[in-house]
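Here's the structure we're looking at; comments come further down.
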2 protein chains.
Amino acid sequence: MKNILATEELNTEELILRAAKKIFTHKGFEGARMKDIADEAGINKALLHYYFRSKDKLFESIFDGVLKSFLPQAILILSSELPLFQKIDRISEYYIQSLSKQPDIPIFVLHELSVNPYRLIENIKEHGMDLHLFSQQLQSEIDEGKIRPIKTAHFITNLFALCVFPFIGRPLIMGMMNLNDTEFNSYVLERRQIVTETMIRSLKV
Amino acid sequence: MKNILATEELNTEELILRAAKKIFTHKGFEGARMKDIADEAGINKALLHYYFRSKDKLFESIFDGVLKSFLPQAILILSSELPLFQKIDRISEYYIQSLSKQPDIPIFVLHELSVNPYRLIENIKEHGMDLHLFSQQLQSEIDEGKIRPIKTAHFITNLFALCVFPFIGRPLIMGMMNLNDTEFNSYVLERRQIVTETMIRSLKV
DNA sequence: GTCTATAAACAGATAGAC
DNA sequence: GTCTATCTGTTTATAGAC
């Protein structure tokens, strides 16, 4: 039985997937070159085609995987039994932490979706992006006078905007604020509390 | 003297720039084809090179123009003499209204900056992205106990995140919320008030 | 200035040896 | 499975006629 913990013992297919994820998320589908991916994986171009037939097929593997590793978590937390304010905290905690390790993901996903919106359709269907339960919870809190009225769409937009924008706007923020890499990392660490506070204060009656 | 109001009387260079802006902002630099731009402008590929030498040069013209038409306005409003809460309202009004007419701009700019962060440097130097005055105002309001403490970086991130994210995340929002184009437009119209309210409520002591 | 035709460079994909 | 060499189609860029 293979030692699953030996991270350096990757087979070729895994090497390719890791390299492809790095190059695609950094440069986008159109900007990525099969040569770049092969070099990153330390193998030959031809092997990419041997394992994945085409650039499109390879990309689909990466894109689907990325989407599946991020979107469902939001639905899971939002549809849970947790109190509203705890959900806010969990979402900001999870997304800011995950994206700190993979900061290229948001701009990659949103750029590709913006160029090819159809890509989302299958994935959404598959995972059933049902926010019905969450909408009910939100409406209950409003009806009981616990929070100010807000539509589900705006609540979710606000929450994700506050969490994700630092990663999307990184070069702009670093430029406008004159931050170096170290300073930017500190700034990101502060975001979790800022997001939670901003969301909760804006909802308080 | 030419009639500057006759919008249909564009010379070839203007036709190219208009077409290039449309194609580049929609598909990004790597995804854009010179053929697409020529077709959009109703002219021949060779003419693009006659006027702009290369795809890179043409892109620079567009990118610089786009940056100059959006960034300085924020600095202008933030560095003005207006009260803090009015600045919030002006920013959300200006950016949500402008971007409604050109919704591709944010993802375009942020994707290109993410692939080539150096692009920003010259532009920022040129326009002097100085937020010193604004930081002083923010600190004064905090010191006088008028608003809760918040760093300039987080204030600006929050404000721009709330304004810009709907355009960046459009396909995702439409997918998750099951919105059609008409519904999305209504949703965007509501954002201006949501942004102002969210920002101001989160700052209130 | 504007076009057609073509060159030159590149990128994705395949053939075939090992 | 993995490599080198090559093919095929695409894309940017140029030459040259009008």
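Each chain gets a letter, A, B and so on, in the order the sequences are listed, and its residues count up from 1. Values below: all heavy atoms of this structure, side chains included; hydrogens, waters and symmetry mates excluded.
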Sequence-distant partners of B:Glu183, salt bridge (charged side-chain N to carboxylate O under 4.0 Å, His left out), two or more places apart:
none

How would you list all residue pairs meeting ring-ring contact (aromatic ring centres under 6.0 Å, His included) that involve residues 18-46 of chain A, not counting sequence neighbours?
A:Phe24-A:Phe59, A:Phe29-A:Phe59

Enumerate the residues from residues 46-57 of chain A whose closest heavy atom to DNA chain D is under 4.0 Å, giving them by residue number; use none for an empty result.
A:Ala46, A:Leu47, A:Tyr50, A:Tyr51

Contacts of B:Asp104 meeting salt bridge (charged side-chain N to carboxylate O under 4.0 Å, His left out) (sequence neighbours excluded), chain-then-number -> none

Along DNA chain C (nearest heavy atom to each residue), the more 5'-positioned of B:Lys45 and B:Thr12:
B:Thr12

Flag for A:Thr152-A:Ser135: side-chain donor and acceptor within less than 3.5 Å:
yes

Residue list, ring-ring contact (aromatic ring centres under 6.0 Å, His included) with A:Tyr51, at least two apart or on another chain:
none

Residue set satisfying salt bridge (charged side-chain N to carboxylate O under 4.0 Å, His left out) with B:Lys21, at least two apart, ordered chain then number -> none

Enumerate the residues from residues 26-42 of chain B whose closest heavy atom to DNA chain D is under 4.0 Å, giving them by residue number; use none for an empty result.
B:Ala32, B:Arg33, B:Met34

Under the ring-ring contact (aromatic ring centres under 6.0 Å, His included) test, which residues partner A:Phe165, sequence neighbours left out?
none

Of all pairs that satisfy ring-ring contact (aromatic ring centres under 6.0 Å, His included), the ones with a partner from residues 169-202 of chain B, not counting sequence neighbours
A:His154-B:Tyr187, B:Phe184-B:Tyr187

Between which nucleotides of DNA chain C, read 5' to 3', does contact with chain B run, using atoms under 4.0 Å from its heavy atoms?
C:dG1 to C:dT4

By salt bridge (charged side-chain N to carboxylate O under 4.0 Å, His left out), A:Glu14 pairs with (sequence neighbours left out) none

Please list all pairs meeting ring-ring contact (aromatic ring centres under 6.0 Å, His included) that have one or both residues in residues 72-102 of chain B, counting only residues at least two apart or in different chains.
B:Tyr95-B:Phe160

